Amino acid sequence: MILQEPGETGYDLEFKLFGFSVRTHPLFFVLPIWLGSGFVKSFSGVNPGIGMLIVVAVFWISVLIHELGHSLAFRQFGVHSRIVLYWLGGLAIPERWGGARGKNPSSLNPVQRMIVSFAGPLAGFILAAVLCLLVISLKGEFGWIWGFIPVPSFANSAIPHGGAIHLAFLSGIVLNIFLNLLNLVPVFPLDGGQIVRQWFILSNPWNGLKQSLIISMVACAGMILLSFQLESFFIAIMFGFIAYSNFMELQGPRW
């Protein structure tokens, strides 16, 4: 299952952040190394090893902020949670028994669940906005990907264009906008799919879950077609796997 928590290893990175337990599985770092190679290669003025460390660190911070958004929303509704970063990104895992004053996650209503799901992407967009404001304060300029994703440039500023700082801002802004937009696609179990599922359950308690799975599979098909245009093998594989998982759930005994 795509949302299954990975088992603990002796190499996990564990610490506390704002009262939340955070665990990073070692396989988490495979994805940013794979996806970040393109960023690093385009910065010929940056040492490849240093560039990869920058991209991995930015990816780790970005995913952590995203999951922290979910956990803070859980806390707002009285549910304790912990954060796990793993091979496909991250999980904010609600604790079924969070202490004497902690609520059971199952007590959350559909609207509260939608808020929790949206809180993660919102945190990522806020981080991207903060980075954009920092670029402006450093007299940087912006180009655009697809007309709405800002690409920072320091061509006319005191910050070296094509340097390590430029790489950090570029990867931080693009990753936080693109990955959080991707997360809002109405595909279960992504955040967008979680929101759509709760919306359908709220409007149609009997058939809402089934309807959300159908919407999810249609959206998966659309993303796979888009991946061919973008020439993204990763997106095609990910949404193909999710579509299969949704189809198997739709074939389950509950129907």
Side-chain angles (χ1 to χ4, degrees), residues 31-32 34-43 51 54-70 73 88-90 114-157 159 161-163 165-196 199 215-216 218-239 242:
L31 188 59
W34 179 29
L35 297 179
S37 60
F39 274 110
V40 176
K41 287 179 181 178
S42 63
F43 281 74
I54 290 172
V55 171
V56 169
V58 168
F59 191 91
W60 183 80
I61 292 170
S62 299
V63 176
L64 178 59
I65 292 295
H66 176 103
E67 299 306 328
L68 187 60
H70 289 311
L88 200 57
M114 285 190 281
I115 292 173
V116 169
S117 294
F118 184 68
L122 178 61
F125 292 140
I126 291 174
L127 177 57
V130 170
L131 292 174
C132 286
L133 290 175
L134 287 174
V135 169
I136 293 172
S137 71
L138 295 171
K139 302 186 185 304
E141 300 174 351
F142 291 97
W144 300 91
I145 297 177
W146 302 326
F148 65 92
I149 297 181
V151 180
S153 170
F154 292 103
N156 299 316
S157 77
I159 304 299
H161 178 76
I165 295 177
H166 185 191
L167 172 60
F169 277 106
L170 174 66
S171 56
I173 293 171
V174 172
L175 280 171
N176 276 283
I177 294 178
F178 178 75
L179 292 181
N180 283 289
L181 284 175
L182 189 66
N183 225 300
L184 286 174
V185 174
V187 166
F188 186 83
L190 301 183
D191 292 326
Q194 301 271 7
I195 293 170
V196 168
W199 175 266
I215 293 292
S216 180
V218 171
C220 280
M223 291 303 300
I224 292 171
L225 292 175
L226 179 61
S227 72
F228 295 149
Q229 183 177 356
L230 298 176
E231 298 181 353
S232 174
F233 177 75
F234 172 74
I235 291 178
I237 292 296
M238 182 179 77
F239 283 98
I242 293 175

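Below, all heavy atoms of this structure are taken into account, side chains as well, without hydrogens, waters or symmetry copies. Throughout, numbering of the chain's residues begins at 1 and tracks the sequence. Because the structure is predicted, anything quoted here is derived from the model rather than measured.
- Two residues are said to be in side-chain contact when any heavy atoms from C-beta on lie closer than 4.5 Å; Ile195 and Ser117 meet this criterion.
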- Item | Stepwise side-chain contact (heavy atoms from CB on, under 4.5 Å) test for Phe148 and Leu181 | CA-CA 11 Å; Phe148 65 92; Leu181 284 175; 3.3 Å; yes
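- Atom CG in Leu122 sits 11.0 Å away from atom CD1 in Ile115 (nearest 0.5 Å).
- Note that CG of Leu31 is 8.0 Å distant from CG of Leu179, once rounded to the nearest 0.5 Å.
- Rounding to the nearest 0.5 Å gives a distance of 4.5 Å between CD of Glu141 and CG of Asn156.
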- Query: Between Ile159 and Phe169, is a side-chain contact (heavy atoms from CB on, under 4.5 Å) present by the stated rule, with each step listed?
  - Reply: CA-CA 11 Å; Ile159 304 299; Phe169 277 106; over 6 Å; no
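- By the 4.5 Å heavy-atom criterion applied to side chains, Ser153 and Phe142 are not counted as neighbours.
- A donor-acceptor contact shorter than 3.5 Å is absent between the side chain of Ser171 and the backbone of Val55.
- By the 4.5 Å heavy-atom criterion applied to side chains, Met238 and Val187 are not counted as neighbours.
- Shortest non-hydrogen contact noted between Val196 and Pro186 is CG2-CB, 3.6 Å.
- Side chain of Asn183 to main chain of Asp191: a donor-acceptor pair is present (N/O by atom type, distance under 3.5 Å, no hydrogens or angles).
- In this pair, His66 and His70 present their aromatic rings perpendicular. The plane angle is above 60°, beyond the 30 to 60° band.
- Residues Val135 and Ile173 are in side-chain contact: their nearest non-hydrogen atoms beyond the backbone lie under 4.5 Å apart.
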- Message: Assess the residue pair Leu170 and Phe43 against the criterion (side-chain contact (heavy atoms from CB on, under 4.5 Å)); give the C-alpha distance rounded to whole Å, side-chain angles, the decisive distance to 0.1 Å, and a yes or no.
- Response: CA-CA 11 Å; Leu170 174 66; Phe43 281 74; 3.4 Å; yes
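- Between Ala119 and Ala73 the shortest heavy-atom distance is CB-CB, 3.7 Å.
- The shortest heavy-atom contact between Ile177 and Ala128 is CG1-CB, 3.7 Å.
- What you find for Val185 and Ala219 is that their closest heavy atoms are CG1-CB, 4.3 Å.
- Using cut-offs of 30° and 60° for the angle between ring planes, the His161 and His166 rings count as tilted.
- Counting only heavy atoms from C-beta outward, the side chains of Leu167 and Ser42 never approach each other to under 4.5 Å.
- Interatomic distance, Ile224 CD1 to Ile237 CD1, rounded to the nearest 0.5 Å: 9.0 Å.
- Taking both residues in full, the closest heavy atoms of Ala123 and Ile65 are given as CB-O, 3.5 Å, listed atom of the first, atom of the second, then distance.
- A heavy-atom distance below 4.5 Å is found between the side chains of Ser62 and Leu127.
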- Task: Determine, step by step, whether Leu190 and Leu184 satisfy the side-chain contact (heavy atoms from CB on, under 4.5 Å) criterion, reporting the C-alpha distance in whole Å, the side-chain angles of both residues, the deciding distance to 0.1 Å, and the verdict.
- Result: CA-CA 7 Å; Leu190 301 183; Leu184 286 174; over 6 Å; no
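- A distance of 8.0 Å separates CG of Leu35 from CG of Leu175, quoted to the nearest 0.5 Å.
- One finds the CD1 atom of Ile54 at 9.0 Å from the CD1 atom of Ile165 (value rounded to the nearest 0.5 Å).
- In this structure, the side chains of Val174 and Phe39 come closer than 4.5 Å at one or more pairs of heavy atoms.
- Side-chain contact between Val116 and Gln194 is absent, with no heavy-atom pair separated by less than 4.5 Å.
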